[in-house]
Every structure is written in structure tokens, then in C-alpha cells.
2 protein chains.
Amino acid sequence: MASNDGTVGKALEVLDQVASYGRPVRFSELIDASPFPKATLYRFVQTLTSQSMLAYDPDRGTYAPGVRLVRLAHAAWQQASLAPIAREEIDLLSAEVGETVHLAQLDNAQVIYVDKRNAADPVQMYSQAGKVGPAYCTGVGKAMLAYLPENELADVLGQQSYHRFTDSTHTSPDSLREELGDIRANGYGFDREEHEPGIICVALPILSETNRVLGALSVTSTTTRTNLAGLEGLVPRIQTAAAAIAKEASAWQFPATAANS
Amino acid sequence: MASNDGTVGKALEVLDQVASYGRPVRFSELIDASPFPKATLYRFVQTLTSQSMLAYDPDRGTYAPGVRLVRLAHAAWQQASLAPIAREEIDLLSAEVGETVHLAQLDNAQVIYVDKRNAADPVQMYSQAGKVGPAYCTGVGKAMLAYLPENELADVLGQQSYHRFTDSTHTSPDSLREELGDIRANGYGFDREEHEPGIICVALPILSETNRVLGALSVTSTTTRTNLAGLEGLVPRIQTAAAAIAKEASAWQFPATAANS
DNA sequence: AACAAGGTTTCATTATTTGAAACTTAGTTT
DNA sequence: AAACTAAGTTTCAAATAATGAAACCTTGTT
């Protein structure tokens with residue numbers, strides 16, 4: 001992915017790098033970790049700053065992701081994500097099952113959580129939406145991978161880290177592939193404490209009419225509260241929600257443009 | 001701004017264009033409204049899609065802002081925005097005054113709302129955070145403009161539309177400049193129904209130790225509930241919050257990096 | 001005063017972008 | 001079923017922009 005998208009791709013690589021620090025960074029820190037020569041990186045950072053994609057703090061000489069991203073993300077979240085469409089269904093679902101519900105989509109080879117509803121404490125969206133996670137060891141990740149066309153799947157499987165988080169984490173594409181077959185057969189999959197000990201979930205894909213993967217929906221719980229069989233009992237209810245979201249998504253088309261100021 | 005940032009600037013221009021539609025768009029719609037020749041726009045859209053900055057819907061042949069933006073925005077919101085820092089103060093403030101509180105920052109020449117708290121009905125953030133508004137006719141906008149250094153101010157004033165929303169909207173840089181002087185003198189400013197009839201607010205800037213504009217804080221109400229004098233009474237309380245946020249912002253530095261998965 | 005380190009600018013070379021035009025589909029119309 | 005049309009895609013020489021080594025500032029340090 002990173003390769004061969006010319007200058008724009010390289011600039012976005014720099015943007016990702018800055019974002020990855022999780023705090024404002026100095027130019028010198030960036031150059032130490034950058035494949036680009038000083039002058040080149042310098043120009044990228046200048047350009048991105050001038051475009052408000054990065055914010056420069058002159059008091060400290062640091063760079064951070066810029067506010068223009070927040071504006072663009074607003075648009076992305078509303079349009080490209082299932083979140084606004086799925087909102088009501090997720091509210092209902094989480095209230096009904098009394099557990100945490102996640103709505104996720106695939107960004108490249110990673111899972112990106114676009115919404116989350118916790119039965120207990122009400123939302124705090126921006127701080128949760130946008131979080132990324134691994135695809136190979138999460139319920140939502142595997143549910144989406146299971147329905148990817150072979151050519152895309154091969155690509156995505158090659159990009160996973162297969163880091164062993166727990167004893168039940170998949171550590172190779174082969175064992176993962178096997179489970180993906182099961183998921184396709186059942187229509188749903190589990191996270192068997194593969195990412196965090198004690199945390200389990202059931203996940204279902206959200207598919208378009210043409211069977212493209214739009215996203216995934218999951219209900220998460222802990223081994224102290226329930227078990228896989230318990231979660232499996234929720235599948236029909238989650239299936240209903242997933243189907244409703246898919247239907248909404250396909251209806252959601254060209255809602256007569258409104259002019260803007 | 002749009003000028004002279006090379007290929008990257010142009011690509012981001014395209015990204016903005018797509019985002020501006022508020023719905024998925026076809027390539028043909030983009031080309032009709034684009035200054036770029038077909039082949040050039042085509043390559044931009046390809047590149048942005050390959051980078052997940054745009055999402056392509058193959059069923060419908062449409063483009064929309066991509067999920068990578070949501071991920072980047074998460075980083076932007078946490079780091080570049082005052083929102084996470086200001087959260088508690090805003091909670092307190094809105095609970096105490098019982099009115100809507102806005103936290104805004106400047107993105108180029110526009111106001112971008114990074115957080116909002118409504119005393120009455122609890123938040124629905126993503127739908128609000130990221131929203132943009134005009135700087136010349138909003139409380140937060142004017143509060144920030146008032147403390148901008150002259151060279152930046154001139155630039156920003158030139159970019160305002162001066163559209164007359166109501167009878168009290170500023171329609172020229174000159175009358176606006178005059179009010180900015182008053183705001184600087186008082187330390188706070190009003191929105192006198194300049195954007196929407198019946199809606200008024202008091203706004204204060206949030207300034208760094210070196211007096212750079214970090215953002216602005218406002219309390220909004222309606223003419224049926226209160227008046228300017230009533231809002232003015234809240235200034236000391238808002239000032240406390242603004243000062244606390246500024247202090248937090250300056251302390252918030254290099255909080256020991258955590259490695260990421 | 002000499003020395004670094006972080007940051008910024010220069011400029012000839014090199015590689016990428018540019019865009020008119022030609023080409024492919026797929027969907028109409030005569 | 002042939003001729004038209006609109007939308008999307010590819011080509012390629014010319015024009016333009018990106019590159020990066022090295023020199024140059026600036027600010028803080030020994």
C-alpha cells in the first residue's frame with residue numbers, strides 16, 4: 001500500500017508517522033526515524049503544516065496532527081462509515097443484551113472501530129471511534145476476513161503480525177484460514193480470549209446485497225460473566241441488527257444534496 | 001492556502017471536494033466541478049483511494065471520504081485539539097451555568113468546533129465535533145481573531161465571506177476590526193444574534209503563556225432565556241475555566257511515550 | 001570564543017506530474 | 001444491429017515539481 005503512490009503517498013506516510021507518536025514530536029525525532037533525507041522531510045512537514053494537516057506549536061517546536069483532520073473525519077464518519085446508519089440499531093442492541101457492542105470496519109489490513117456502545121456508561125465517541133486493532137485476533141476482524149474475496153484476503157493475511165497475545169492467539173495464516181472457513185460456514189465467529197485474557201466476543205459480518213464486506217458487529221463480554229455458549233445464544237438477535245444495518249446502508253443513497261454556505 | 005503546496009496540496013483539495021458533497025459522489029460529478037483535467041483528477045482519486053483516504057463503492061461507482069481519516073482524526077483530536085485536556089473543565093462549566101458550552105479552534109480561516117456540551121441533553125459528539133462555522137460572525141470566532149497577530153489577522157480577514165445572516169452580522173472587515181479592538185480591551189466578546197436570530201453567546205479566548213491563540217470557549221443561549229447582560233455575568237466563571245484549560249495545555253508535555261502494538 | 005545540535009535554504013540533477021488525445025466499455029437511440 | 005453517446009481508463013512526450021547533498025543559519029553549550 002505505502003508503495004508507489006508518488007509524492008502524495010509519501011506525504012501521507014509522514015502524516016501517519018506523526019500521528020503514531022501519540023504526542024507532539026520534534027522535527028529531529030521525525031528525521032531519526034524517517035527514510036527521507038532531511039530537506040525532503042522538512043518540505044513535507046512544511047507542506048502538511050501549511051495545509052493544516054499538521055499543527056505546529058511554535059512555543060515548543062513540535063508537530064501534531066492538525067485540526068483539518070477533525071473536519072475531514074467528520075465527513076468520513078458521516079458518509080463512509082456505518083456509524084450514523086447503525087446508530088439506532090446499536091443503541092437497541094446494547095440496551096437489550098446489556099453488554100458492550102462494537103461496530104468496526106476494515107482499513108487496509110487493520111480493524112478500525114467506528115462506534116462503540118457500552119450498556120453501562122453512555123458514549124464518549126470521538127475518544128473511542130477511530131481506535132485501531134489487529135484483524136487476525138479480534139472477533140470483528142475475523143468476521144470480516146472470512147467474507148473477503150480470495151485475492152484481497154491473501155494480501156491482508158500477509159500483512160498481519162501474528163503476535164501471540166495469549167495462548168489462543170492464531171500465530172500463522174494457516175490456522176487462521178481454517179477458522180475463517182468455519183466462520184463462513186456458521187455465519188458468525190468468536191474471539192476466544194485471543195487478544196486479551198478473559199475477554200470474549202461473538203461477531204457477525206455486515207454484508208452488502210452483493211456480499212461485499214461492509215463491516216462487522218460484535219458483542220463483547222468477560223469469562224467471569226458468561227461463556228461462548230452464552231454469547232452464541234445472542235447470535236439471532238445480533239443477526240437481526242446486522243441485517244437491519246445492511247438494509248439501511250443499501251437504501252442510503254443520494255438523499256438530495258443541500259447547498260452549503 | 002490552496003496555492004503552492006505542490007502535488008500534495010492539490011490532492012488534499014480533491015479530498016476536500018469529495019468531503020464537501022456530504023454524500024458519495026461519482027467521478028463525473030467531481031470532474032464537472034474540478035479545475036483539473038480528467039486524467040489528472042483520475043490519478044488523484046486513484047491515489048487517494050489506494051491510500052484509504054477515499055473509499056470507493058464498486059456497487060455504485062461512488063467515492064466518499066475514507067476510514068483512514070477517522071483513524072487520523074482520533075490522533076488529531078487527542079493531540080492537537082484542546083478537547084481531551086478541556087473535558088473536565090467543560091463538564092463542570094456546562095453543569096454549573098446550565099447552558100450549552102462550545103470549545104472551538106481555528107482551522108485556517110474557519111472556526112472548527114472540537115467539543116460541545118449541552119447541559120440538558122447529554123452529548124452526541126461525533127455529530128458535533130468537526131463541524132465548521134464562520135469566524136467573522138460567531139462568538140468563538142471573533143474571540144480568537146481578536147488575539148491573532150496582525151499579519152495572520154489580515155490574511156484571515158481577507159478570507160471571510162461577510163455573508164449577512166442577520167441584521168447584526170458584520171458585512172465588512174472594517175466594522176469587524178473595530179469590534180475586535182473592543183474584545184481585546186475587555187477580554188471577551190459577544191455574538192449578538194449575528195449568525196442566527198435569537199441565538200446569543202459570550203466567548204473568551206484561550207491563550208498560551210506566550211499569548212498565542214489556542215482556542216476559544218463560549219456559553220450560548222437564546223434571547224428568550226437571557227440577554228447579553230446576563231451572559232456577561234458569567235464571564236468570571238468562564239474566565240476561570242479558560243485559564244484552567246490554558247494551564248493544563250501548557251503542562252501537557254511529553255507524557256512518556258507508550259509503545260504501541 | 002569555539003563548538004554543537006537542531007533547523008532552514010540553495011540549486012543542479014532527476015524523477016514525477018501533467019493533460020491532450022486516443023481508447024474502452026456499457027448503455028442508448030435510430 | 002449498427003451508429004451514437006456518456007462515463008471511465010490508458011498513453012506518452014513535454015513541462016514541472018521533487019530530490020537531497022551540502023552549505024548555511026541560529027540558539028544554546030562547553
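Both backbone and side-chain heavy atoms feed into the values below; hydrogens, waters and symmetry mates do not. Protein chains get the first letters and strands the later ones, always in sequence-line order, with residue 1 at the start of each.
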In whole angstroms, how far is the [atom2] atom of [N] from the [atom1] atom of [X]?
X: A:Leu30; N: C:dT8; atom1: CG; atom2: C1'; value: 16 Å
X: A:Lys38; N: C:dT9; atom1: NZ; atom2: P; value: 12 Å
X: B:Leu41; N: C:dA20; atom1: CG; atom2: P; value: 13 Å
X: B:Arg43; N: C:dT16; atom1: CZ; atom2: P; value: 13 Å
X: A:Tyr56; N: C:dG6; atom1: OH; atom2: C1'; value: 10 Å
X: B:Ile31; N: C:dT18; atom1: CD1; atom2: C1'; value: 13 Å
X: B:Phe27; N: C:dT24; atom1: CZ; atom2: C1'; value: 15 Å
X: B:Phe44; N: C:dT16; atom1: CZ; atom2: C1'; value: 11 Å

Task: Which atom of B:Val156 lies closest to which atom of B:Asn108, heavy atoms considered - done: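 Answer, listing the atom of B:Val156 first, then B:Asn108: CG2-O, 4.1 Å.
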Task: Under 3.5 Å donor-acceptor, A:Ser20 side chain and A:Gln17 backbone - done: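 Checking the backbone N and O of A:Gln17 against the side chain of A:Ser20, a donor-acceptor pair under 3.5 Å is found.
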Open item on the list: Tell me whether A:Glu150 is salt-bridged to A:Arg184, with the criterion being a basic N under 4.0 Å from an acidic carboxylate O.
Closed with: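 No, no charged N to carboxylate O under 4.0 Å.
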Task: Validation row, ring centre B:His170 to ring centre B:Tyr136 under 6.0 Å - done: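 No, they do not, as the ring centres are separated by 6.0 Å or more.
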Task: Sub-6.0 Å ring centroid separation between A:Phe36 and A:Phe44 - done: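 Here the rings of A:Phe44 and A:Phe36 have centres that are less than 6.0 Å from each other.
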- [ ] Scan side-chain atoms only and decide if A:Gln79 and B:Arg23 contain a donor-acceptor pair under the 3.5 Å cut-off.
- [x]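 Judged by distance alone, the side chains do not pair up.
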Open item on the list: For a quick check of understanding: with a heavy-atom distance under 4.0 Å over all strands, which category does A:Thr7 fall into, base, sugar-phosphate or nothing?
Closed with: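 Here A:Thr7 touches the backbone only, sparing every base.
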Task: C:dG7 OP1/OP2 closer than 4.0 Å to side-chain N/O of A:Ser28 - done: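 Result: yes.
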Open item on the list: Under 4.0 Å from OP1 or OP2 of C:dT9: is there any side-chain N or O of A:Tyr42 that close?
Closed with: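 Result: yes.
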- [ ] Assess whether atom CD of A:Glu88 is packed by more than 12 heavy atoms of other residues, nucleotides or ligands within 6.0 Å.
- [x]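 Not more than 12 within 6.0 Å, no.
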Task: Contact boundaries on DNA chain D for chain A, cut-off under 4.0 Å to non-hydrogen atoms - done: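 Range of nucleotides touched by chain A: D:dA18 to D:dA21.
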- [ ] Could you pick out which residue, B:Ala39 or B:Val8, lies toward the 5' side of DNA chain D when each is mapped onto its nearest nucleotide?
- [x]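 Nearer the 5' end of the strand: B:Ala39.
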Open item on the list: Counting distance alone, no hydrogens or angles: does the base of C:dG7 have a donor or acceptor under 3.5 Å from a partner atom on the side chain of A:Arg26?
Closed with: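 Donor-acceptor pair under 3.5 Å: no.
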